[in-house]
Amino acid sequence: MIVVGVDGSQAALAAVSWAAREAAARDGALSIVHAMPAWPLEVSEEGRYAEVGRWMREGATSMLDAALERARQEDPRVVAEPRLLGGDPRAILIETAADAELLVVGNHGLGGFAGMLLGSVALGVAGRAACPVAVVRDPATPPAGEVVVGVDGSAAGVGALGFAFAEASLRGAGLRAVHAWSRPVAGGGPFALRVAEETAEAERRLLAEALAGWSERYPDVKVTEQLEHGHPARVLAEASAHAGLLVVGSRGRGDLTGLLLGSVSHSLLHHATCPLVVTPAPASPGLS
């Protein structure tokens with residue numbers, strides 16, 4: 001099951017198209033969810049609250065019908081079910097996607113301020129949902145190009161690698177594994193050069209160790225390794241410009257314990273130019 005949240009925005013419709021393609025590729029079902037504030041149950045003497053509730057229901061139903069039609073246009077084979085639920089959209093989507101394979105949202109809904117790169121719902125579910133969360137921009141990038149995955153040696157990074165390899169195999173696409181680091185080397189001269197070389201070698205080993213075993217599981221996926229000295233958020237944002245999908249873990253090695261989103265994933269939610277998938281950390285490290 002893939003869950004996609006809609007609110008009537010163009011970004012949400014782009015998310016529906018993207019989610020429908022994913023569901024078709026996985027032979028899965030699609031749940032199209034719209035969450036609205038609980039409509040008034042009390043009725044005034046003039047019947048005003050009842051009228052407002054009815055108007056809200058009709059508008060939400062029309063919105064879901066449009067999303068369902070978009071999914072059918074994308075791929076008629078997809079079994080899609082519209083669902084109208086009451087409550088905060090972030091809480092509703094997280095709860096609905098508790099057993100889902102993927103939760104998909106648009107990057108910006110109707111309720112955000114003009115000019116904002118990311119809406120509150122996208123930011124509110126990424127890193128909090130139990131399943132991977134895909135954030136899709138309008139217009140959605142066609143499912144072409146390689147899959148790019150950020151590698152950092154963290155537990156959440158293991159989940160990102162698993163999702164990225166499976167997705168690349170599903171798409172018949174290549175996989176670019178990107179590891180970037182930005183630790184400065186103090187001083188100069190031969191000592192600084194030696195430290196820089198040792199650091200680069202350590203980061204190269206980290207990338208190799210993180211990738212070990214995955215190609216055996218996915219022999220059909222061609223892997224390109226990219227090792228670069230630079231801030232990971234900048235390097236990955238640049239890589240997203242030519243990618244069909246970018247995958248990162250919710251929190252990296254250098255982030256504070258307890259944070260739901262790390263600095264890199266948070267930055268990429270705002271600045272990645274292709275669809276972005278944020279994966280939660282697995283229950284236990286290792287191949288799963």
Side-chain angles (χ1 to χ4, degrees), residues 1-36 59-85 89-90 92-110 118-119 121-122 124-126 129-149 162-173 175 240 243-247 269 272-279:
M1 172 68 70
I2 291 178
V3 175
V4 58
V6 297
D7 64 355
S9 66
Q10 289 302 309
L13 287 176
V16 170
S17 293
W18 193 90
R21 292 195 296 266
E22 285 292 306
R26 300 162 185 256
D27 294 324
L30 183 64
S31 180
I32 304 174
V33 177
H34 174 62
M36 58 181 287
T61 300
S62 177
M63 181 191 308
L64 283 169
D65 288 343
L68 182 61
E69 181 61 26
R70 172 66 72 93
R72 287 171 174 166
Q73 289 175 356
E74 195 64 46
D75 197 312
R77 299 170 299 170
V78 174
V79 177
E81 175 194 12
R83 299 185 65 188
L84 177 58
L85 302 172
R90 292 160 294 192
I92 288 296
L93 289 173
I94 290 171
E95 180 181 352
T96 305
D99 297 318
E101 189 173 351
L102 182 65
L103 170 60
V104 186
V105 294
N107 70 305
H108 198 283
L110 291 176
L118 191 71
V121 173
V125 298
C131 65
V133 174
V135 178
V136 180
R137 298 183 182 277
D138 175 44
T141 304
E146 61 188 2
V147 174
V148 175
V149 60
F163 187 96
F165 267 95
E167 188 71 16
S169 178
L170 198 64
R171 296 179 177 213
L175 177 70
S240 74
L245 181 68
L246 173 61
V247 186
L269 281 167
T273 54
C274 70
L276 171 70
V277 170
V278 179
T279 64

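Just so it is clear, the model here is predicted, and its values are computed rather than measured.
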(message) Nearest 0.5 angstrom please: Leu84 CG to Met36 CE, how far?
(response) 6.0 Å
(request) Grab the two heavy atoms, one from Val4 and one from Ala19, that are nearest each other, plus how far apart they are. (result) CB-CB, 4.0 Å
(message) Quick check for you: to the nearest 0.5 Å, what is the distance between Ile32 atom CD1 and Arg70 atom CZ?
(response) 11.0 Å
(message) Is it true that, when you exclude Gln73 itself, more than 12 heavy atoms of the residues, nucleotides or ligands shown sit nearer than 6.0 Å to its CD?
(response) yes
(request) Enter the distance from Leu246:CG to Glu146:CD here, rounded to the nearest 0.5 Å. (result) 10.5 Å
(message) Salt bridge check, Glu167 against Arg26: does any charged N sit closer than 4.0 Å to a carboxylate O?
(response) yes
(message) Test your reading of the model: is there a side-chain donor-acceptor pair from His34 to the backbone of Val6, 3.5 Å cut-off?
(response) yes
(message) Please check this pair: side chain of Ser240 against backbone of Thr273, looking for a donor-acceptor N/O pair closer than 3.5 Å.
(response) yes
(message) Measuring from atom OG1 of Thr96 to atom CZ of Arg83, what distance do you get when rounded to the nearest 0.5 angstrom?
(response) 5.0 Å
(message) With side-chain contact (heavy atoms from CB on, under 4.5 Å) as the criterion, how do Glu101 and Met1 come out once you've worked through the C-alpha distance, each side chain's angles and the decisive distance to 0.1 Å?
(response) CA-CA 6 Å; Glu101 189 173 351; Met1 172 68 70; over 6 Å; no
(request) Report the residue from Val125, Leu269, Leu103 that forms a side chain to side chain contact (heavy atoms under 4.5 Å, CB included) with Val135. (result) Leu269
(message) For a 4.5 angstrom cut-off between non-hydrogen side-chain atoms, does Leu30 reach Val79?
(response) no
(request) In plain terms, say whether Arg171 and Glu22 are close enough for a salt bridge, that is, a side-chain N and a carboxylate O under 4.0 Å apart. (result) yes
(request) Starting at OG of Ser17, measure out to CD of Glu74 and round the result to the nearest 0.5 Å. (result) 4.5 Å
(request) Would you please test Val105 and Val136 for side-chain contact (heavy atoms from CB on, under 4.5 Å) and show each step? (result) CA-CA 6 Å; Val105 294; Val136 180; over 6 Å; no
(request) Please report the shortest heavy-atom distance between Asn107 and Ala11, naming the atom on each side. (result) OD1-CB, 3.6 Å
(message) Measuring only between side-chain heavy atoms, which start at C-beta, is Val148 closer than 4.5 Å to Val247?
(response) no
(request) Could you give me the CA-CA distance, side-chain angles and deciding distance for Leu245 and Val277, then say whether side-chain contact (heavy atoms from CB on, under 4.5 Å) is met? (result) CA-CA 8 Å; Leu245 181 68; Val277 170; 3.8 Å; yes
(message) To check you understand the geometry: which heavy-atom pair defines the closest contact between Ala243 and Cys274, and what is its length?
(response) O-CB, 3.5 Å
(request) Could you grab the distance from atom CH2 of Trp18 to atom CG of Leu13, nearest 0.5 Å is fine? (result) 16.0 Å
(request) Please name the pair of heavy atoms, one in Ala23 and one in Ala29, separated by the smallest distance, quoted to 0.1 Å. (result) CB-O, 4.3 Å
